[in-house]
Structure formats: structure tokens, C-alpha cells
Amino acid sequence: MIAVGASSVKPPIEGCDLENVFFMRTPEDALRLRETVDGGNIKKAVVVGAGYIGLEIAENLKKMGVRPFVLDMAPQILSPGFDREMAAYAEGYRLIDASIQPTTEGATYVDLITVNGLIDGFDPDKKLLLVCNKGKSAYLLQNRMKFYGYKNTKALEGGNIFTDVEVEK
């Protein structure tokens, strides 16, 4: 386990004082983790904290051949620094703005009402996040995308994320 952050907190749980539990606060902490990983006995790691430091550590662990699992109490990564749209983008989702007046920075505008098949430039195997106005039916838009083969699609409507949609034909 690796706990990260400007002031990483030692949770009051059994095992926090074990040999392979690290708290990242100083460069020396990072060197100690690197030496342990270089020893070759660590194959998986739990990183507690999905802020900038935690994600950086997870990325470096992955490059070193360790499979990282990132945990955080927040509902998204990079909280509170990123809003939901940016956090979703950082999590690997490609943003589609299906709003009446598109304003989501970094998103591609797609008029989903006119979609009747695969969309040029959008791989159906990639993760997509549909951003739409409150009141516009996220469920119907997401269902339409899934019907056309975009299985890894979520919808963000007025701050609510819709994830589990059954395809209706």
C-alpha cells in the first residue's frame, strides 16, 4: 500500500506499520519505494489517493512492471482540482458534447439526434462520455450510442452520471 498526498494520513487500521506500506511525503520516501520495487518482489500495489501525486506514483509503478490499483474517497480522480468533465477525460474517456449549446472545453460536438451509425473518428471500443444539458434525456442518448456499437459509454446530464443502460431496439 502506498498512501500519498501533501499530508498523507495514516489510517487507524491494522497493518499500516508493515514493511511494504509506504507514505509518500518526501523524496526519501520515493527512493525507498523505488528500491523496494527494484528488488523485484512486488507485482501489485494499492495506491491510496487519486490526486496528482497518487496518479503519478501509479503511472511510474506501471512503467516499472507493477500493477497499480488506485483508491480514493472522492467520487472521481483529481478531486477537487478537476471538475467532472476534466476528471473523466483524465480517466480515459473521450468527451462528446451533445448539449444544445456546446461549451465543454476539449469535447467534440456531435448532434446525436442525427446519428444513424458509427461516428467518423470515434472508435466503438473506446470509452465515451456524453455531456448533455439537464433535461435532455441522457438515457436515450446513451441508449442510441450503445445501439450503434459504442458499449463503453456513460452520460453526464446536469451533474448526474448515467452508466447502466440496457439497449432498447
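Sequence positions, counted from 1, serve as the residue numbers for this chain. Computed from a predicted model, the values in this text were never measured in an experiment.
The salt bridge (charged side-chain N to carboxylate O under 4.0 Å, His left out) contacts involving residues 52-64 comprise Glu59-Lys63, where partners must be two or more places apart or lie in separate chains.
To the nearest 0.5 Å, the span separating CG on Asp111 from CD1 on Ile96 amounts to 12.0 Å.
By the side-chain hydrogen bond (donor to acceptor under 3.5 Å, both in side chains) test, Asp29 is found to be paired with Thr26, residues two or more places apart in sequence or in another chain being considered. Every residue two or more places apart in sequence or in another chain was checked for a side-chain contact (heavy atoms from CB on, under 4.5 Å) with Lys43, and none qualifies. Residues that satisfy the side-chain contact (heavy atoms from CB on, under 4.5 Å) test with Arg34, not counting sequence neighbours, are Asp38, Met64. With sequence neighbours left out, the side-chain contact (heavy atoms from CB on, under 4.5 Å) criterion links Asp123 to Asp125, Lys126. The side-chain contact (heavy atoms from CB on, under 4.5 Å) test applied to Leu71 returns Val46, not counting sequence neighbours.
Grouping the Ile, Leu, Val, Met, Phe, Trp and Tyr side chains by contacts below 4.5 angstrom, directly or via other members, places Ile119 apart from Tyr109.
At distances below 3.5 Å, at least one donor-acceptor pair connects side-chain atoms of Lys151 with backbone N or O atoms of Lys146.
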Query - Derivation of the side-chain contact (heavy atoms from CB on, under 4.5 Å) call for Thr36 and Glu19 - result: CA-CA 10 Å; Thr36 304; Glu19 181 182 352; over 6 Å; no
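Scanning both residues, Leu33 and Met24, for their nearest heavy atoms gives CB-CE, 3.9 Å. Between Tyr150 and Phe122 the shortest heavy-atom distance is OH-O, 3.2 Å. Considering every non-hydrogen atom in both Leu118 and Tyr148, the closest pair reads CD2-O, 3.2 Å. Here the shortest heavy-atom pairing between Gly49 and Val70 reads O-CG1, 3.9 Å. When all heavy atoms are compared, the tightest approach of Cys16 to Val21 is O-CG1, 3.4 Å. When every heavy atom of Pro68 is checked against every heavy atom of Ala58, the shortest pair comes out as CG-O, 3.4 Å.
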